[in-house]
J.: 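My structure is below; once you've seen it, I'll send some questions.
Remember, it's 1-based here, ligands and their atoms both numbered in the order they're listed.
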Amino acid sequence: MNQEHQIQSASAHLSQRVSDLTLLLTQAVDALAGGSPDLAARAEQLRLMVTRPPRVAVVGRLKSGKSTLVNALTENLIAATGALECTMAVSMYHNGAPARAEIHSVDGQMARIPLNNGPLDSLPVPLNEVDYIDQFLPNRRLEELTLIDTPGTATLTVENEQRTRRILVDGQRDTRRASGWADCLVFLSDSAPREDEKRFLSQLGMTPLNTVGILSRADSFGSGAFGSIDPLQHARQHANSIQKKLVSTVQQTIPLSGLMAESALTGKVTGDVARQLAALAELDRDDLLDFLEADDPREVVAGFSANDRDDLLDVMGEYGVFAGRSIAAEGGAPALVKWMVETSGVSELVHLLTGDITYFAVLQRAARMLDVLDDLASNHPDMNHIRWVLSVTLAQPGMHFVLLYRSYRNTYASTPDSRLLQLLRTAVTAGHPADTVNLPRDTPVDQVRRAIEEQIAELQQLSMSPLSAAEDEARERLLGSFQSALQATI
Ligand SMILES: Nc1nc2c(ncn2[C@@H]2O[C@H](COP(=O)(O)OP(=O)(O)OP(=O)(O)O)[C@@H](O)[C@H]2O)c(=O)[nH]1
Ligand SMILES: [Mg+2]
């Protein structure tokens with residue numbers, strides 16, 4: 001089997017697992033609801049959590065391009081960008097009709113505003129009374145993913161950071177808010193993340209498996225469009241070096257131009273834009289710089305007002321103008337849009353978010369659900385019913401992967417440099433005995449067995465060395481997992 005086939009079939013078995021797990025968790029919720037009226041109410045929140053599309057929280061520094069990315073992902077101008085007050089509240093984006101915003105206040109009130117064209121641009125209550133905003137839009141991408149756009153985190157904007165924390169950090173501890181919990185994370189940064197950002201990330205309870213890093217504003221990276229190195233290439237190299245530093249925090253770091261993706265995918269790149277750009281194709285570098293900087297660009301290109309030029313820059317950015325003009329001249333708007341989507345990095349992100357990340361997102365929510373059940377099983381008056389639900393749920397074979405993932409999450413939180421993490425990560429995605437020991441699936445079975453046996457022996461040896469409580473549990477789970485892989489080779 002060639003490499004590509006292996007990858008495809010690997011993802012296919014993960015998407016099957018996503019459906020199996022969703023069914024299993026829904027059954028657990030049904031069983032929980034049968035307990036008492038109070039449990040039924042709690043079950044309702046959990047049901048919303050386990051049945052909705054995976055929810056991606058978009059977090060990052062102030063003005064790092066979070067809302068622009070939400071627009072690019074939904075191919076719709078739904079998230080306000082720039083300086084509006086509503087960019088300072090947490091907004092959740094869901095698929096739904098009619099298009100509307102529901103503004104939830106901290107006192108539990110809700111105000112509904114219809115959305116006709118364009119994003120919500122004002123708030124019906126003072127910002128400091130807003131808890132969060134639900135926004136509904138009939139949208140294909142939102143059928144696959146729901147999104148949480150957060151106000152920028154930065155020490156300069158303490159209130160913004162508090163609003164983000166209230167939903168993403170404190171909200172996690174509140175089961176009445178389970179339907180709002182995030183299942184995975186996109187973290188934007190336009191340079192290497194700072195210590196306070198890494199600390200913030202660690203408080204969100206995610207793992208590197210469900211966290212994607214974005215090196216944002218890649219089109220203006222380094223010295224920008226007019227520097228000696230292409231900014232997108234420069235960003236790609238830099239993303240690789242950031243990834244090396246962040247390997248214990250994010251699964252992958254993708255360089256991205258949200259601006260180019262947003263413009264190309266939301267219909268801003270019109271025939272007029274392409275024609276205007278094409279008119280700049282023959283300018284040399286210095287003339288183009290003059291054109292961009294002149295008070296009156298008509299001095300450089302006839303018929304171009306300062307407004308036209310600024311509008312063009314808003315749509316394309318400097319790099320888009322610089323590198324896109326020859327493409328516009330040759331192929332018009334269709335070629336320009338295609339180039340912008342390809343260069344922006346957005347396809348890579350969509351592929352990741354709608355692919356394997358979905359599996360980790362479902363594992364994350366399943367692990368959360370187990371936490372809730374564990375907690376209720378020791379604190380709720382109806383604990384016998386909950387213990388029954390837990391025992392039936394845990395006995396399902398599909399839960400094996402949830403328990404492995406929970407072990408991964410707990411080990412990551414307590415011992416982030418544990419060598420068991422790599423083994424857990426492999427075990428959680430394996431769909432074939434050979435996968436568990438990183439061998440190709442067509443490896444002779446004896447060789448696979450030997451590798452698994454060696455792994456088991458190594459794990460048994462580990463009982464002699466000092467391990468954290470989470471590592472100890474991880475070791476047990478891994479032993480179980482390798483033993484079943486061994487059984488499966490017979
Ligand atoms: N050149 C360039 N500009 C971008 C990019 N993404 C966003 N911007 C611009 O940066 C400004 C801020 O973008 P937003 O998407 O509002 O950023 P944000 O992170 O949501 O900002 P806050 O919510 O206020 O923290 C806007 O003017 C965008 O047009 C990008 O990829 N390249
Ligand atoms: Mg924003």
J.: Is the shortest N/O to N/O distance between Thr150 and ligand 1 below 3.5 Å?
T.: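 No, Thr150 has no N/O under 3.5 Å of an N/O on ligand 1.
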J.: Looking only at N/O atoms, are Leu256 and ligand 1 under 3.5 Å apart anywhere?
T.: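 N/O-N/O distance below 3.5 Å does not exist for this pair.
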J.: Looking only at side chains, do Tyr405 and Thr207 share a donor and an acceptor under 3.5 Å apart?
T.: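 There is such a pair (donor and acceptor under 3.5 Å, judged by atom type) between the side chains of Tyr405 and Thr207.
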J.: Can you tell me which portion of Asp219 lies within the under-4.0 Å heavy-atom range of ligand 1? Options are side chain, backbone, both, or neither.
T.: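 Answer for Asp219: side chain.
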J.: Looking at Ser257, which atoms of ligand 1 are within less than 4.0 Å of one of its heavy atoms?
T.: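 Taking each heavy atom of Ser257 in turn, ligand 1 has 31 (O) under 4.0 Å.
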J.: With the threshold set at 4.0 Å, does a side-chain nitrogen-carboxylate oxygen contact exist between Asp272 and Arg275?
T.: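 Salt bridge flag = yes for Arg275 with Asp272.
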J.: Looking only at heavy atoms of Ser216, does any of them come nearer than 4.0 Å to an atom of ligand 1?
T.: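 Flag not set, Ser216 not near ligand 1.
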J.: Nearest heavy-atom pair of Leu232 and Ala218: which atoms, and what distance?
T.: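 Looking at all heavy atoms of both residues, the closest pair is CD2-CB, 3.5 Å.
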J.: Backbone or side chain, does any N or O of Thr81 fall under 3.5 Å from an N or O of ligand 1?
T.: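 Among all N and O atoms of Thr81, none is under 3.5 Å from an N or O of ligand 1.
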J.: Give the minimum heavy-atom separation between Gly324 and Leu336, together with the two atoms involved.
T.: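 In terms of heavy atoms, the two residues are closest at O-CD1, 3.5 Å.
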J.: Does any N/O atom on Gly65 come nearer than 3.5 Å to any N/O atom on ligand 1?
T.: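 Yes; the residue has a nitrogen or oxygen that sits under 3.5 Å from a nitrogen or oxygen of the ligand.
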J.: Please identify which atoms of ligand 1 are closer than 4.0 Å to at least one heavy atom of Leu62.
T.: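 Listed by number with element: 25 (O).
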J.: Does Thr87 bring an N, O or S atom to within less than 2.8 Å of the Mg ion (ligand 2)?
T.: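 No.
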J.: Between Phe136 and Arg100, is there a cation-pi geometry (under 6.0 Å to ring centre, at most 45° from the normal)?
T.: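 Because its charged atom sits under 6.0 Å from the ring centre and within 45° of the axis, Arg100 does stack over Phe136.
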J.: Please report the shortest heavy-atom distance between Pro151 and Met88, naming the atom on each side.
T.: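 Answer, listing the atom of Pro151 first, then Met88: CG-O, 3.4 Å.
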J.: Could you tell me whether Arg236 and Glu348 have a side-chain N and a carboxylate O separated by less than 4.0 Å?
T.: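 Salt bridge between Arg236 and Glu348, a charged N being under 4.0 Å from a carboxylate O: yes.
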J.: Are any of the N or O atoms of Thr68 closer than 3.5 Å to those of ligand 1?
T.: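 So ligand 1 has an N or O lying under 3.5 Å from an N or O of Thr68.
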